Amino acid sequence: PIVVDEFVPAPTPGVAVVNSAYGDTQEGVRQAGDRAPDAPGLVPVVLPNRASTSISSGSQSNGVARNTRMFDIFGSTHHTVIVFAPTLDVPVVQSILTTLDQSLRKALVRRVVVLPGSISEPDSRLEMSWEEDQSVDAEVLIDEAGHAYRGYVVESQEVKVVVVRPDGVVGAVVRGATGLERYFEGVFGKTGSMC
């Protein structure tokens, strides 16, 4: 299988590495090749210059999604790129989304940004310029209950990108656009634009 994980420590020279064929997971460790965990309590955010989000969920009131979960976002027809970030205005978030827009057809990859904390907390996580808002072509969610950040082992001030394959397995855990490019080149092959 093709997996890319920039967070797994490099093996120590001269020390044997024992890997389980069954992908034993350790508490507090999520790595490429593991089954992607669910995370309920994700609240969709409507950005200022957008009419609505495209997240579907079983929890709806008047046609507007109240909350969703990771298992509602994953799909058997696309990869899901989850960008965990403290705010939307982190430059690496813009770089990741721009790379995805320029490299992969939207039908192949669903883009999701997950921010930590409560939707009721007044802060600047969602603040950005009008130009940046127009370039955010991703669903934005707030991890109200903290399930996503705990399940994917992400610190609240850290940027971590997780790619979930169509079969529900984590295909990549990377720091930014370069790691994403490396993963998708392995999956789709190298072309002028990835696909």
Side-chain angles (χ1 to χ4, degrees), residues 5 7 23 25-90 92-94 96-97 100 106 109-128 132-133 136-176 180:
D5 197 324
F7 287 84
T25 59
Q26 301 172 26
E27 186 65 33
V29 176
R30 176 76 51 216
Q31 59 189 29
D34 291 346
R35 173 77 46 202
D38 193 12
L42 299 171
V43 180
V45 174
V46 177
L47 296 174
N49 294 318
R50 304 280 172 96
S52 66
T53 60
S54 60
I55 294 178
S56 61
S57 174
S59 313
Q60 295 191 5
S61 171
N62 299 330
V64 177
R66 288 188 151 205
N67 62 44
T68 191
R69 59 187 321 127
M70 285 296 182
F71 283 1
D72 290 338
I73 296 169
F74 302 151
S76 62
T77 60
H78 61 270
H79 285 78
T80 303
V81 175
I82 309 164
V83 181
F84 291 94
T87 67
L88 286 177
D89 68 350
V90 176
V92 72
V93 173
Q94 296 300 319
I96 291 163
L97 296 175
L100 288 171
K106 291 184 194 308
V109 178
R110 188 168 186 176
R111 300 144 171 86
V112 179
V113 177
V114 180
L115 305 173
S118 171
I119 194 77
S120 62
E121 293 174 2
D123 60 50
S124 60
R125 288 174 297 174
L126 300 174
E127 291 180 10
M128 65 182 92
E132 288 173 326
D133 183 22
V136 174
D137 191 12
E139 299 160 57
V140 180
L141 305 169
I142 301 288
D143 186 15
E144 277 256 305
H147 294 297
Y149 273 74
R150 279 191 305 278
Y152 288 86
V153 193
V154 182
E155 297 297 323
S156 64
Q157 294 302 310
E158 175 181 40
V159 174
K160 185 182 274 190
V161 184
V162 177
V163 180
V164 178
R165 302 183 325 209
D167 64 358
V169 172
V170 175
V173 182
V174 297
R175 289 179 167 77
L180 272 181

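We count residues from 1, following the sequence as given. For clarity, every value in this text was computed on a predicted model and none was experimentally measured.
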Are [X] and [Y] packed together at the side-chain level, in the sense that at least one heavy-atom pair is separated by less than 4.5 angstrom?
X	Y	answer
Leu88	Leu115	yes
Lys106	Leu100	no
His78	Thr80	yes

Return the set of residues passing side-chain hydrogen bond (donor to acceptor under 3.5 Å, both in side chains) with Arg175 (not counting sequence neighbours), or none when no residue passes.
->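 None.
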Which residues share a side chain to side chain contact (heavy atoms under 4.5 Å, CB included) with [X], sequence neighbours left out:
X	value
Pro166	His79
Ala172	Val4, Val163, Val174, Tyr183
Val169	Arg35, Arg165, Asp167

Could you pull out every donor-acceptor pair under 3.5 Å between side chains of residues 151-158 and any protein atom, sequence neighbours left out?
unit_1: Tyr152; atom_1: OH; unit_2: Pro37; atom_2: O; d: 2.7
unit_1: Glu158; atom_1: OE1; unit_2: Glu155; atom_2: N; d: 2.9

For a quick test of reading the model, state the closest non-hydrogen atom pair linking [X] to [Y] and the distance between them.
X	Y	answer
Phe71	Ala36	CE1-O, 3.5 Å
Val93	Ala85	CG2-CB, 3.5 Å
Ala148	Val114	CB-CG1, 4.3 Å

Which residues pass the ring pair (Phe, Tyr, Trp, His ring centres under 6.0 Å) test with Phe7, sequence neighbours left out?
->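 Checked Phe7 against ring pair (Phe, Tyr, Trp, His ring centres under 6.0 Å); zero matches.
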Please name the residue in the list Asp38, Val112, Val162 that meets the side chain to side chain contact (heavy atoms under 4.5 Å, CB included) test with Met70.
->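 Only one of Asp38, Val112, Val162 forms a side chain to side chain contact (heavy atoms under 4.5 Å, CB included) with Met70, namely Asp38.
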For the side chain to side chain contact (heavy atoms under 4.5 Å, CB included) test, which of Val164, Ile82, Leu141 pairs with Ile73?
->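 Going through the options one by one, the only one that passes is Leu141.
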Presence of salt bridge, Asp143 and Arg150, under 4.0 angstrom |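 No, Arg150 and Asp143 are not salt-bridged.
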CG of Leu42 to CZ of Arg69: how many Å apart, nearest 0.5 Å?
->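 Here the rounded value is 9.0 Å.
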Drop me the distance from Leu97's CG to Arg111's CZ, to the nearest 0.5 angstrom.
->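 These two atoms lie 8.0 Å from each other.
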